[in-house]
**Q** 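Shown below is the structure under consideration.
All values below were derived from every heavy atom in this structure, side-chain atoms included, with hydrogens, water molecules and symmetry-related copies excluded. By convention in this document, chain letters (A, B, ...) are assigned in the order of the sequence lines, proteins followed by strands, and residues within each chain are numbered from 1.
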Amino acid sequence: MTPPRYALVDGNNFYVSCERVFAPRLEGRPVIVLSNNDGCAVARSEEAKALGIRMGQPGFEVRGLLQRANGVMLSSNYSLYADMSRRMMAVIAGFAPEQEIYSIDECFLRFAGFDHWDLEAHARRLRKQVRQWTGLPVGVGIGPTKTLAKLANRLAKKHPDYRSIGVCSLDALAPSQQEGYFAEVAVEDIWGVGSRWGAKLRALGIASALELKQAEPSLIRRRFGVVMERTLRELNGLACLSLEAAPPPKQQIIASRSFGQLVTDRTAILEATATYAAMAGERLRRERQASGALQVFLGTNPFLSKEPQYHPAALVPLSPPTDDTARLIRAAKAGVAAIWRAGFRYKKAGVMLLELAPADQRQGLLFAGPEEDHAERRSRLMEVVDGLNARMGRGAVRFAAEGLEQAWRMRRDKLTPAYTTGWASLPVAS
DNA sequence: TCTGGGGTCCTAGGACCC
DNA sequence: TCTGGGGTCCTAGGACCC
């Protein structure tokens with residue numbers, strides 16, 4: 001029996017593709033989707049890439065270019081992408097016994113005991129099905145390890161030999177053919193090699209996937225550590241990374257945002273951090289965890305180098321650990337009280353929940369205060385709040401501390417409708 | 001005017017202990 | 001002439017991912 005095969009399936013230009021499903025006017029034009037606060041490009045259509053717009057490039061830098069090319073700039077519509085992702089992942093799940101959802105637009109599949117299958121043909125059917133049922137284009141790469149599946153996926157999407165098919169299986173290639181392709185892949189395009197390591201590898205004369213594959217493992221281990229050595233071994237077909245079908249419990253939860261405008265007002269900071277504490281709390285309860293410590297952090301705008309900079313943080317212990325938004329907000333306020341200073345223009349604030357542990361294994365207190373006596377009622381209250389917000393939209397029910405006006409909220413000037421998750425925004429076919 | 005947010009893992013070094 | 005060695009825990013920083 002041959003060893004298992006891995007596939008990596010991912011959505012092409014995922015956020016842009018999600019938008020295009022519901023807005024045919026975006027077809028054939030340069031389109032970019034901006035990060036939160038309408039900051040930088042996080043997704044680009046092929047036409048936008050052809051214009052030279054880079055990943056992470058600030059929106060204001062490309063506005064003119066995009067306008068001249070009849071292009072479109074959109075705010076990110078995260079609830080739309082999350083919903084489209086769920087649909088896409090569900091369709092893909094029907095094609096393999098094991099699936100690891102790796103990010104909003106990618107998943108790994110593992111095929112063990114599929115010796116007599118034509119996985120490439122299988123992947124083509126998968127691709128067609130996803131397109132038909134969700135409207136989303138995906139690419140598929142297949143290989144004996146996750147790293148090789150990633151590399152094959154890259155070929156499937158970028159290489160002229162594969163682009164039109166959208167599927168690439170390394171198994172279909174003779175070793176010499178594989179080497180030819182590997183030689184064409186830049187070393188920083190390998191999964192696990194970023195720009196820093198890429199530069200260091202190049203300094204050692206290792207510039208392509210082929211050269212890393214053929215490098216001396218002990219040298220790589222010594223200079224780059226165990227992670228890179230694993231990458232090297234995976235490139236050589238030795239599976240070092242397993243499929244994680246069930247996501248491990250989170251170790252920390254972060255909720256943070258940049259402000260729409262610079263903030264000098266203490267009340268605004270308090271409202272914002274209360275809002276982030278509530279967001280983090282909601283995620284915490286969804287994970288069925290409780291937090292033993294909360295950290296609040298603030299920051300000025302590091303791009304304004306002439307302004308005084310201040311990036312404080314405060315850690316507030318939560319004893320006993322909690323998943324109650326009211327307590328998280330109280331802790332966040334205490335944190336802000338400790339670090340807030342007048343005279344700075346703040347750009348960003350956030351809340352981190354740390355020391356997470358399963359909510360049902362919380363250690364009892366020897367001397368329980370009135371707080372604990374109410375724990376049962378509190379957790380029922382939070383359930384109701386979460387339920388209402390899930391049904392009626394985030395913020396339908398919220399704590400007064402989060403503020404009403406929320407003038408500090410991030411910019412989302414170019415937001416598309418909630419096509420799939422809001423009744424009022426359902427597209428109408430006529 | 002204008003530059004995101006949310007995560008993980010590894011390593012080195014210091015403190016502390018025996 | 002000449003200052004041990006090893007283990008654990010914690011933290012900060014650096015790298016990576018999407």
**Q** Can you tell me, in whole Å, how much space there is between the C1' of B:dC17 and that of C:dG4?
**A**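 Going atom to atom, C1' in each nucleotide, I get 14 Å.
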**Q** With a 4.0 Å cutoff (strictly under), does any side-chain N or O of A:Lys348 reach OP1 or OP2 of B:dG5?
**A**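 For A:Lys348, the contact criterion (side-chain N or O under 4.0 Å from OP1 or OP2 of B:dG5) is met.
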**Q** Return no unless some side-chain N or O of A:Gln251 is found under 4.0 Å from OP1 or OP2 of B:dC9.
**A**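 The answer is yes; a side-chain N or O of A:Gln251 sits under 4.0 Å from OP1 or OP2.
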**Q** Expressed as a whole number of angstroms, how long is the span from A:Met410:CE to B:dG4:C1'?
**A**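 That distance rounds to 10 Å.
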**Q** I need the minimum non-hydrogen distance between A:Ile339 and A:Pro312, along with the two atoms involved.
**A**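 Closest heavy-atom pair between A:Ile339 and A:Pro312: CB-CB, 3.8 Å.
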**Q** Could you work out which one of B:dC2, B:dG6, C:dC18 sits closest to the side chain of A:Arg283?
**A**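 Per side-chain heavy atoms of A:Arg283, the pick is B:dG6.
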**Q** Looking only at the aromatic ring of each residue, does the gap between the centers of A:Tyr162 and A:Tyr181 stay below 6.0 angstrom?
**A**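 Aromatic pair counts; centres sit under 6.0 Å.
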**Q** Does a salt bridge link A:Lys157 with A:Glu106, judged by any charged N lying under 4.0 Å from a carboxylate O?
**A**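 Salt bridge between A:Lys157 and A:Glu106, a charged N being under 4.0 Å from a carboxylate O: no.
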**Q** Mapping A:Lys250 and A:Met55 to their closest nucleotides on DNA chain B, which lands nearer the 5' end?
**A**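 Its nucleotide being nearer the 5' end, the pick is A:Met55.
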**Q** Can you tell me how far apart CZ (A:Arg202) and OG (A:Ser208) are? Round to the nearest 0.5 Å.
**A**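 Rounded to the nearest 0.5 Å, the CZ-OG separation comes to 8.5 Å.
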**Q** Output the rounded distance in Å from CD (A:Glu106) to C1' (B:dT8).
**A**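 Checked: the CD to C1' distance equals 15 Å.
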**Q** Verify the distance criterion only: is there a donor paired with an acceptor across the side chains of A:Tyr81 and A:Glu19 at less than 3.5 Å?
**A**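 Indeed, the side chains of A:Tyr81 and A:Glu19 share at least one donor-acceptor pair under 3.5 Å.
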**Q** Can you check the A:Lys200 NZ to C:dG14 P distance for me, whole Å?
**A**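 From A:Lys200 NZ to C:dG14 P: 13 Å.
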**Q** Taking the minimum atom-to-atom distance to the side chain of A:Tyr102, which one of B:dT11, B:dC2, C:dC17 wins?
**A**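 Out of B:dT11, B:dC2, C:dC17, the nucleotide with an atom closest to A:Tyr102's side chain is C:dC17.
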**Q** Which nucleotide sits closest to the side chain of A:Val227: B:dC9, B:dC10, B:dT3?
**A**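 Between B:dC9, B:dC10, B:dT3, the one nearest the side chain of A:Val227 would be B:dC10.
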**Q** Side chain of A:Trp197, heavy atoms from C-beta onward: which of B:dT3, C:dC18, C:dC16 has the nearest atom to it?
**A**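 Per side-chain heavy atoms of A:Trp197, the pick is C:dC16.
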**Q** Would you mind classifying the nucleic acid contact of A:Asn36 as base, sugar-phosphate or nothing, using non-hydrogen atoms under 4.0 angstrom?
**A**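 Here A:Asn36 touches the backbone only, sparing every base.
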**Q** For A:Tyr15 and B:dG6, what is the distance between atoms OH and P respectively, to the nearest whole Å?
**A**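 Taking atom P of B:dG6 as the reference, OH of A:Tyr15 is at 12 Å.
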**Q** For the side chain of A:Phe60, starting at C-beta, report the closest nucleotide among C:dA15, B:dC2, B:dG6.
**A**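 Looking only at side-chain atoms, A:Phe60 lies closest to B:dC2.
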**Q** What contact category does A:Asp38 fall into here, base, sugar-phosphate, or nothing, at under 4.0 angstrom with non-hydrogen atoms?
**A**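 Since no nucleic acid heavy atom lies under 4.0 Å of A:Asp38, the category is nothing.
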**Q** Looking at A:Arg230, does any N or O in its side chain come under 4.0 Å of the phosphate oxygens OP1/OP2 on B:dC10?
**A**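 The answer is yes; a side-chain N or O of A:Arg230 sits under 4.0 Å from OP1 or OP2.
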**Q** Rounded to whole Å, please give me the gap between CZ in A:Arg345 and P in B:dT1.
**A**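 After rounding, the gap between these two atoms is 12 Å.
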**Q** So what does A:Gln252 touch, heavy atoms closer than 4.0 Å: a base, only the sugar-phosphate, or nothing?
**A**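 Result for A:Gln252 = base.
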**Q** Kindly say if A:Arg63 contacts the phosphate of B:dT1, meaning a side-chain N or O under 4.0 Å from OP1 or OP2.
**A**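 No, no such contact exists.
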**Q** Give none if B:dG5 has no partner; otherwise give the nucleotide forming a Watson-Crick or G-U wobble pair with it, both distances under 3.5 Å.
**A**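 Because both required distances fall under 3.5 Å, B:dG5 counts as paired with C:dC18.
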**Q** Would you kindly give the CZ-to-C1' distance between A:Arg54 and B:dG4, to the nearest whole Å?
**A**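 Checked: the CZ to C1' distance equals 16 Å.
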**Q** In residues 183-195 of chain A, which ones come under 4.0 Å of DNA chain C, going by heavy atoms?
**A**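 The answer is A:Ile190, A:Trp191, A:Gly192, A:Val193, A:Gly194, A:Ser195.
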**Q** Please find the pair of heavy atoms, one from A:Ser45 and one from A:Arg29, that lie closest to each other, and give the distance.
**A**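 In terms of heavy atoms, the two residues are closest at OG-O, 3.3 Å.
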**Q** Taking all non-hydrogen atoms of both residues into account, name the closest pair between A:Arg54 and A:Gln57 and its distance.
**A**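 That would be N-OE1, 2.9 Å.
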**Q** Given the ring of A:Phe224, does A:Lys200 sit roughly above its face, with NZ or CZ under 6.0 Å from the centre of the six-membered ring and within 45° of the axis?
**A**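 Yes; both conditions hold, so A:Lys200 lies above the ring face of A:Phe224.
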**Q** A:Lys150 has a side chain; which of B:dT11, C:dA15, C:dC17 sits nearest to it?
**A**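 Nearest to the side-chain atoms of A:Lys150, counting from C-beta on, is C:dC17.
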**Q** Does A:Ser258 have a side-chain nitrogen or oxygen under 4.0 Å from the phosphate oxygens OP1 or OP2 of B:dG5?
**A**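 Indeed, a polar side-chain atom of A:Ser258 lies that close.
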**Q** I want to confirm an ordering. Mapping A:Gly225 and A:Arg257 to their closest nucleotides on DNA chain B, which one lands closer to the 5' end?
**A**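 Comparing both residues, the 5'-ward one is A:Arg257.
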**Q** Does any part of the side chain of A:Phe108, heavy atoms only, come nearer than 4.5 Å to the side chain of A:Gln99, both counted from C-beta?
**A**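 No. Closest side-chain heavy atoms not under 4.5 Å.
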**Q** How close or far is atom P of B:dG7 from atom CZ of A:Phe297, stated in whole angstroms?
**A**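 After rounding, the gap between these two atoms is 11 Å.
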**Q** I want to verify a distance call: between B:dT8, C:dC16, B:dT3, whose nearest atom is closest to the A:Lys347 side chain?
**A**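 Looking only at side-chain atoms, A:Lys347 lies closest to B:dT3.
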**Q** Considering every strand and a 4.0 Å limit on heavy-atom distances, what is the contact class for A:Leu34: base, sugar-phosphate, or nothing?
**A**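 Nothing, no heavy atom under 4.0 Å.
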**Q** Could you please name the option among B:dG5, B:dT3, C:dC18 that lies closest to any side-chain atom of A:Ser256?
**A**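 Among the listed nucleotides, the one closest to the side chain of A:Ser256 is B:dG5.
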**Q** Under 4.0 angstrom, heavy atoms only, what part of the nucleic acid is A:Glu61 near: base, sugar-phosphate, or nothing?
**A**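 Since no nucleic acid heavy atom lies under 4.0 Å of A:Glu61, the category is nothing.
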**Q** Whole angstrom is fine here: how far is it from OH in A:Tyr81 over to P in B:dG4?
**A**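 Going from OH in A:Tyr81 over to P in B:dG4 covers 17 Å.
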